[in-house]
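To find a chain, count down the sequence lines: A is the first, B the second, and so on, and within it residues start at 1. Note that the structure is predicted; figures quoted are calculated from it, not measured.
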Amino acid sequence: MTSSETQAAAERQDFIREIVREDLKAGRCREVVTRFPPEPNGYLHVGHAKSICLNFGIARQFGGRCNLRMDDTNPTKEDVEYVESITGDVKWLIAGWADHCLGLKPAGRTAERGERDGARDSHLGAVLPAEAGDARLEPFYASDYFEPLYEFALELIRRGRAYVCDHTPGEVDEMRGAPERPGRESLYRDRPVEENLDLFRRMRDGEFPDGTRTLRAKIDMSSPNVWLRDPVLYRIRHASHHHTGDRWCIYPMYDFAHGLSDYVEGISHSICTLEFEVHRPLYDWILQALDLPRPLPRQYEFARLNLTHTVMSKRRLLRLVQEGRVGGWDDPRMPTLAGMRRRGFPAAAIRDFCERIGVAKRENLVELALLEHCVREHLNRRAPRRMAVLRPLRMVIENFPEDRVERFEAVNNPEDPAAGTRPIPFSRVLWIEKDDFREVPPPRYHRLSPGVEARLRYAWLIRCTGVVNDPATGEVVEVRATCDPETGSGPTPDGRKVKATIHWVSAAHALDAEVRLYDTLFAVEKPDEVAEGRDFTDALNPRSLEVLKGCKVEPALADAEPGVPVQFERLGYFCPDAADSRPGAPVFNRTVTLKDAWARIEKRQGAAGTARDA
RNA sequence: UGGGGCGUGGCCAAGCGGUAAGGCACGAGACUUUGGAUCUCGCACUCGGAGGUUCGAAUCCUCCCGCCCCAGCCA
């Protein structure tokens with residue numbers, strides 16, 4: 001955890017935390033229990049990170065806990081692959097920050113049924129890592145509550161608040177009415193309790209095919225809030241479930257399962273996104289209709305995160321994966337936690353980002369630049385510096401003997417003296433970056449060109465004496481230069497200054513590497529807003545991935561650890577790809593570029609040129 | 001046109017009746033063996049609009065305008 005995180009946690013203030021603080025002060029709840037309840041039907045993305053940071057952040061700040069729960073009430077869309085990735089991603093994101101607040105439960109345990117103050121109750125408390133001992137823990141599952149949920153449904157029927165409805169899906173749809181027009185009551189609405197009980201039991205026993213009957217809440221078909229027009233509570237689905245197997249053929253709907261799951265786990269604050277705001281009356285109705293003995297959870301809503309140059313809906317991310325637009329859920333261009341991790345984004349940087357974007361109720365579109373800023377800020381302080389040449393151009397130091405090797409001490413991290421130094425070999429033939437040489441330098445370009453003197457990072461000043469061109473294409477294939485060995489570290493003896501410092505790698509000592517450069521997945525800020533008749537995939541950035549082979553990196557990079565970021569000086573932050581990098585054949589992912597003043601100048605000049613031409 | 005929300009600088013976002021925080025982005029400069037980092041300065045006479053209440057309004061009231069969400073046996 002960073003010190004800014006400690007500090008910010010104390011000051012952090014948003015409308016939800018304000019409510020929590022008030023609830024605590026007024027004694028409306030004794031402990032703060034939140035939950036993060038994803039449906040295991042896809043991978044987690046930055047939008048989820050916002051929710052995770054909010055829920056765990058609150059638990060952390062107020063000494064409570066946050067349960068990880070699979071909201072798995074729809075067997076047809078969910079899969080264990082997703083519960084595993086979700087669990088891993090959550091643990092990765094909160095590691096070293098809020099893992100002590102992570103509420104899990106002993107593997108295999110389901111809710112305890114019982115009585116409390118004479119009322120039917122069901123409860124399943126969390127186990128925190130500190131109290132786990134040897135017990136194997138796992139996330140909570142809404143599907144673990146299918147039995148108590150079924151009991152709650154029976155109770156609703158007994159109370160005359162729910163009934164079995166035989167209308168077809170089409171009829172139900174048609175009878176629901178429209179937002180400005182009331183619906184019509186089901187023909188089965190006044191079925192006697194006993195008949196409802198019998199039918200519902202037989203639904204569970206598998207006597208009826210899918211879609212033939214539902215259990216519905218008896219509320220108000222003329223409510224202006226359509227979610228109160230006798231919403232479906234249970235549907236029949238003869239499908240096996242990733243967690244409960246074939247034990248059930250009726251499955252509860254979100255609205256019925258969610259609030260009651262919150263209740264079972266003793267959640268105090270149930271935080272979700274804005275689109276559930278209209279469901280809140282139903283959330284409350286269900287809990288209140290049961291006269292439950294313990295305090296009821298309360299639902300609060302905040303605006304979900306939108307990020308420029310990407311899409312966030314699971315449906316669209318799934319399409320990118322299924323259509324092969326990306327390499328998978330963990331493709332480094334994806335806004336998924338798995339993708340960002342593979343790309344090299346530190347969890348702490350993502351948390352910092354989530355903190356900076358704030359929590360409010362207004363719709364928002366956060367610039368990707370903020371996320372990148374957080375990543376750079378984090379990495380600048382800790383990533384070791386290394387030299388790497390991405391697009392090698394041969395340079396010969398004419399006055400440096402063929403057989404000689406010099407070693408310079410290079411600082412590992414100027415931001416962290418404790419990181420020490422390392423030796424880097426220097427010899428007659430070097431690789432420099434193609435970008436660092438121009439035969440004809442444009443205005444404001446102050447790197448190398450014929451006749452110009454520049455600093456070789458950590459080494460001597462050199463002066464370009466000429467070039468060797470490809471006779472066929474005219475392309476520069478070699479740069480000739482002489483070095484001035486009087487110009488060691490520190491200022492030059494004669495006080496002469498040079499405009500540029502360029503990086504280099506000794507050709508005789510360099511390692512070959514593959515480097516993957518990433519740009520935004522989408523070419524436009526709002527891929528969700530494409531023109532009529534076009535698809536969001538039309539906005540995909542054709543240059544989102546550039547693979548460079550034959551890059552030259554300094555010897556110290558031989559033992560770079562997968563997933564651990566380094567800075568390639570003057571270029572950006574990179575980390576060995578966790579999936580494809582091999583000891584003798586490293587593959588680096590570019591996490592993010594360094595801020596680049598020259599690139600900005602070039603871009604501006606380019607833009608000016610276009611404007612003139614137009 | 002029913003209901004539920006939301007409108008503060010390019011993007012986020014504080015502000016809770018006392019005279020517009022902060023961050024990102026952007027611009028200028030200093031420093032610099034990363035055109036990196038760091039540092040300094042600049043960047044809303046104004047809070048969707050119009051009225052009203054008040055000594056005083058982004059904050060309270062009224063009306064208007066705009067945007068988002070809701071009619072899955074998805075979550």
Pairing of RNA chain B as dot-bracket, 5' to 3': ( ) intra-strand, [ ] crossing, | other strand, . unpaired, with Watson-Crick or G-U pairs under 3.5 Å?
.(((((((.[[[..)..(...]]].(((((.......))))).....[[[[[..)....]]]]])))))).....
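Of the residues in residues 407-425 of chain A, those with a non-hydrogen atom less than 4.0 angstrom from any atom of RNA chain B are A/Pro414, A/Glu415.
Mapping A/Asn41 and A/Ala360 onto RNA chain B via the closest heavy atom, the residue that lands nearer the 5' end is A/Ala360. Nearest-nucleotide positions on RNA chain B place A/Lys50 closer to the 5' end than the other of A/Lys50 and A/Ala500.
Across B/rG5, B/rA37, B/rA75, the shortest atom-to-atom separation from the side chain of A/Arg280 is found for B/rG5. Checking B/rA75, B/rU34, B/rC73 against the side-chain heavy atoms of A/Thr73 singles out B/rA75 as nearest.
Contact annotation: A/Arg235 side-chain N/O to B/rA75 OP1/OP2 distance is under 4.0 Å.
Not counting sequence neighbours, A/Phe208 has no partner by the ring-ring contact (aromatic ring centres under 6.0 Å, His included) test. Legend: residues meeting side chain to side chain donor-acceptor pair (under 3.5 Å) with A/Glu415, ordered by chain and number and at least two apart, are absent. With sequence neighbours excluded, the residues that form a ring-ring contact (aromatic ring centres under 6.0 Å, His included) with A/Phe588 are A/Phe568. Scanning for side chain to side chain donor-acceptor pair (under 3.5 Å) contacts around A/Gln322 gives an empty result, with sequence neighbours left out. Residues satisfying the side chain to side chain donor-acceptor pair (under 3.5 Å) test with A/Ser449, not counting sequence neighbours, are none.
Using a 4.0 Å heavy-atom criterion, one finds that A/His446 contacts the bases of the nucleic acid, with or without backbone contacts as well. The residue A/Thr273 sits apart from the nucleic acid: no heavy atom pair falls under 4.0 Å. In this structure, A/Tyr234 reaches neither bases nor backbone, as no heavy-atom distance under 4.0 Å exists between it and the strands shown. As judged by a 4.0 angstrom heavy-atom cut-off over every strand, A/Phe302 is placed among residues making no nucleic acid contact. Among the atoms of the strands shown, base atoms are found under 4.0 Å from some heavy atom of A/Ile601. Across all strands, A/Glu18 comes closer than 4.0 Å to base atoms (heavy-atom distances).
Under a 4.0 Å N-O distance rule, the pair A/Arg213/A/Asp166 qualifies as a salt bridge.
The aromatic rings of A/Tyr251 and A/His241 sit parallel, their planes meeting at an angle under 30°, below the 60° perpendicular limit.
For the pair A/Arg438 and A/Tyr445, the distance from NZ or CZ to the six-membered ring centre is under 6.0 Å and the angle to the ring normal is within 45 degrees. In this structure, A/Arg204 forms a cation-pi arrangement with A/Tyr150, its terminal cationic atom sitting closer than 6.0 Å to the ring centre and no more than 45° off the ring axis.
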So which protein nitrogen or oxygen atoms get under 3.5 Å of nucleotides 70-72 of chain B's nitrogens or oxygens?
{"from": "B/rC70", "atom 1": "O2'", "to": "A/Trp227", "atom 2": "NE1", "distance (Å)": "2.7"}
{"from": "B/rA71", "atom 1": "O2'", "to": "A/Arg176", "atom 2": "NE", "distance (Å)": "2.9"}
{"from": "B/rG72", "atom 1": "OP2", "to": "A/Asp173", "atom 2": "OD1", "distance (Å)": "2.3"}
{"from": "B/rG72", "atom 1": "OP2", "to": "A/Arg176", "atom 2": "NH2", "distance (Å)": "3.0"}

Report, one pair per line, the protein and nucleotides 41-44 of chain B atoms (nitrogen or oxygen only) whose separation is under 3.5 Å.
none

Pull out every protein N or O sitting under 3.5 Å from an N or O of nucleotides 6-8 of chain B, one pair per line with the distance.
{"from": "B/rU8", "atom 1": "O4", "to": "A/Arg362", "atom 2": "NH2", "distance (Å)": "3.3"}

One pair to check against salt bridge (Lys or Arg N to Asp or Glu O under 4.0 Å): A/Glu433 and A/Arg447. What are the steps and the verdict?
CA-CA 11 Å; A/Glu433 203 70 58; A/Arg447 271 114 95 148; over 6 Å; no
Name the atoms and distances for all side-chain donor-acceptor pairs under 3.5 Å in residues 278-287 of chain A, with sequence neighbours left out.
{"from": "A/His279", "atom 1": "ND1", "to": "A/Asp255", "atom 2": "OD1", "distance (Å)": "2.7"}
{"from": "A/His279", "atom 1": "ND1", "to": "A/Asp255", "atom 2": "OD2", "distance (Å)": "3.4"}
{"from": "A/Arg280", "atom 1": "NH1", "to": "A/Glu301", "atom 2": "OE1", "distance (Å)": "2.7"}
{"from": "A/Arg280", "atom 1": "NH1", "to": "A/Glu301", "atom 2": "OE2", "distance (Å)": "2.7"}
{"from": "A/Tyr283", "atom 1": "OH", "to": "A/Asp262", "atom 2": "OD2", "distance (Å)": "2.8"}

Base-contact (B) and sugar-phosphate-only (S) positions in nucleotides 23-29 of chain B, heavy-atom cut-off under 4.0 Å, - elsewhere
SBSSS--
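The six-membered or imidazole ring of A/Phe353 lies away from that of A/Phe345, with a centre-to-centre distance of 6.0 Å or more.
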